[in-house]
Number of protein chains: 2
Amino acid sequence: MRSEFTVAVHCLALLAYLPDHRASSELLAHNVSTNPTRIRKIMSTLKKSGFVKTKEGIGGGYELNCQPAEVTLAEVYRSICGGTLKPHWSSGNPEEKCLVSANMALVMDGFFREAELYYEEYLERNTLQTVLERLRQCQQKTARGETHVHEY
Amino acid sequence: MRSEFTVAVHCLALLAYLPDHRASSELLAHNVSTNPTRIRKIMSTLKKSGFVKTKEGIGGGYELNCQPAEVTLAEVYRSICGGTLKPHWSSGNPEEKCLVSANMALVMDGFFREAELYYEEYLERNTLQTVLERLRQCQQKTARGETHVHEY
DNA sequence: TATACTGTAATAATATTTCATACAGTTAGC
DNA sequence: GCTAACTGTATGAAATATTATTACAGTATA
């Protein structure tokens, strides 16, 4: 579920990076290395949260609907997979009389929920702009001085 | 992988809770609601990190080897599943010429690694003692005034 | 009206997680 | 020494979650 967050950030970053800030699900899918259906599902969620606009029909696709410097990763995270840091599996058994077994699931839920807030606090400090900056830092490291042909 | 953390905390908390701080993998497995093999694997890791002592043979089992108030959840977390917050799936394709596609995996890795530090920072503030306290709070809420028979 | 899109459902393929079984090695007590 | 009750670990099966594929209805453009 957390890889959906990666995909969402990737798509938003790519839209921010592209000169016209627009792309189809097929183009996004190829760039992300996944399939268009997955992209459409995730972008559909991002649309509901207002990060992108969509246009159906010929010449349609997805268009960035926000300022890269103003959208934090925490907002994207919550939109896509907030509350998913706790594991699916739960420990103990509520039917048991033992204090530990009966309540451990509940207690751990609390810890995971609170820890997630700290997690989000970090994401809060980073925006789509930060992502673009880090991408450009990669470029400087791997191909200092060279110019790339960008094949979207 | 993060549910292993839950199991580890559960086992350590139970050992801390039990009067003699000792239990076999079978007893732990039943209390946690899982199988002894899983418990032994996790406890084996906790042993290597020094949180518990083990004794093989008749009358053997696991024994707490630390002070509940001094062991933070962050230490347990790192012992069991540090570095597992980033998803298995990676976005993009390093072979692509596009800056975004080529480097997104690397950039997201960085974010996940740093976010995990914030996550651990929260766990740092909580110890096995905290877990026991929260368990007792559950008891107060659900069965105020009643005495429980504890069937380990 | 044909074409190129999104939105979404349904299902297949794959990967991960959890469980079950088995057995070698260890220790204690008889 | 022998047996019984443990841990440590390997291996494979079962259950579950994730990702990919296919299909098609709805929409906008030319």
Side-chain angles (χ1 to χ4, degrees), chain A residues 1-8 10-11 15 20 22-65 80-81 83-93 105 152, chain B residues 1-8 10-11 15 20 22-49 51-65 80-81 83-93 105:
Chain A
M1 203 59 189
R2 209 145 355 87
S3 58
E4 310 300 74
F5 171 59
T6 301
V7 173
H10 188 143
C11 289
L15 288 177
D20 59 355
R22 295 161 53 77
S24 70
S25 63
E26 194 168 355
L27 190 153
L28 290 170
H30 178 259
N31 198 279
V32 165
S33 280
T34 188
N35 53 304
T37 303
R38 190 183 183 194
I39 295 291
R40 294 205 282 268
K41 203 155 135 201
I42 294 168
M43 295 308 279
S44 176
T45 303
L46 291 180
K47 177 194 180 184
K48 282 167 192 158
S49 300
F51 297 117
V52 296
K53 283 187 292 195
T54 72
K55 200 168 147 194
E56 298 184 13
I58 291 183
Y62 300 95
E63 182 177 354
L64 199 65
N65 190 38
I80 296 292
C81 58
T84 59
L85 222 53
K86 81 170 185 188
H88 299 108
W89 193 88
S90 274
S91 196
N93 175 4
Y152 310 120
Chain B
M1 204 56 191
R2 210 146 354 88
S3 58
E4 310 300 73
F5 171 59
T6 301
V7 174
H10 187 143
C11 289
L15 288 178
D20 59 354
R22 295 160 54 77
S24 69
S25 63
E26 195 169 356
L27 190 154
L28 290 170
H30 178 259
N31 198 279
V32 166
S33 279
T34 188
N35 55 304
T37 304
R38 192 183 183 195
I39 295 292
R40 293 205 284 264
K41 203 156 135 199
I42 294 168
M43 294 308 278
S44 176
T45 303
L46 291 181
K47 176 195 180 183
K48 281 165 193 160
S49 299
F51 297 117
V52 297
K53 281 187 293 195
T54 71
K55 200 168 149 195
E56 299 185 10
I58 290 185
Y62 300 95
E63 182 177 354
L64 199 64
N65 190 37
I80 296 293
C81 58
T84 59
L85 222 53
K86 80 170 187 189
H88 299 108
W89 192 88
S90 274
S91 194
N93 176 3

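All values below come from the heavy atoms of this structure, side chains included, with hydrogens, waters and symmetry mates left out. Chain A is the first sequence line, chain B the second, and so forth, proteins listed ahead of strands; every chain is numbered from 1.
- With C:dG7, D:dA4, C:dT26 as the candidates, the nucleotide lying closest to the side chain of B:Glu56 is C:dT26.
- Sequence order on DNA chain C of the closest nucleotides to B:Gly59 and B:His88 puts B:His88 first from the 5' end.
- The nearest heavy atom of DNA chain C to A:Gly61 and to A:Pro87 marks one nucleotide each, and the one closer to the 5' end goes with A:Gly61.
- Counting to the nearest Å, the C1' atom of D:dT7 and the CG atom of B:Leu46 are 14 Å from each other.
- The line from CD of B:Glu4 to OG of A:Ser91 is 10.5 Å long, rounded to the nearest 0.5 Å.
- For the pair A:Glu4 CD and D:dT18 C1', the interatomic distance rounds to 8 Å; values are reported in whole Å.
- Phosphate proximity of C:dT6 to A:Ser24: absent, as no side-chain N or O sits under 4.0 Å from OP1 or OP2.
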* Steps toward side chain to side chain contact (heavy atoms under 4.5 Å, CB included) verdict (A:Thr34, B:Trp89) -> CA-CA 10 Å; A:Thr34 188; B:Trp89 192 88; 4.0 Å; yes
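- Across all strands, A:Lys53 comes closer than 4.0 Å to no nucleic acid atom at all (heavy-atom distances).
- Candidate nucleotides D:dA20, C:dT18, D:dA5 were compared by shortest atom distance to the side chain of B:Arg38, and C:dT18 ranks first.
- Contact annotation: A:Lys47 side-chain N/O to C:dT6 OP1/OP2 distance is not under 4.0 Å.
- B:Asn35 places its CG atom 18 Å from the P atom of D:dT11, with the value rounded to the nearest Å.
- Between A:Thr54 and C:dC5 there is no side-chain N or O to OP1 or OP2 distance below 4.0 Å.
- Between the CZ atom in B:Arg40 and the NZ atom in B:Lys47 there is a gap of 13.0 Å [rounded to 0.5 Å].
- Using a 4.0 Å cut-off, no side-chain N or O of B:Arg40 falls inside it from OP1 or OP2 of D:dG8.
- Here D:dT19 is the nucleotide among D:dT19, D:dG8, C:dC19 with the atom lying nearest to any side-chain atom of B:Trp89.
- Protein atom CD1 of A:Ile39 is 12 Å distant from nucleotide atom P of C:dG7, rounded to whole Å.
- In terms of heavy atoms, A:Ser3 sits closest to A:Arg38 at OG-NH2, 3.2 Å.
- Dashed line: the shortest gap from a side-chain N or O of B:Lys55 to OP1 or OP2 of D:dA5 is not under 4.0 Å.
- Going from atom CG of A:Leu28 over to atom P of C:dC5 covers 12 Å, rounded to whole Å.
- Put simply, NZ on A:Lys41 is 18 Å from P on D:dA23, counting in whole angstrom units.
- In this entry the distance linking CD1 of A:Ile42 with C1' of C:dT6 reads 15 Å, nearest Å.
- The minimum heavy-atom distance between A:Cys81 and A:Phe5, with the atom names listed, is SG-CB, 3.8 Å.
- A straight line from CZ of A:Arg22 to P of C:dA4 spans 16 Å, rounded to a whole angstrom.
- Side-chain N/O atoms of B:Ser3 include one lying less than 4.0 angstrom from OP1 or OP2 on C:dT18.
- Rounded to the nearest 0.5 Å, atoms CG (B:Asn31) and CG (B:Leu15) are 10.0 Å apart.
- At the phosphate of C:dT18, neither OP1 nor OP2 sits under 4.0 Å from any side-chain N or O atom of B:Thr37.
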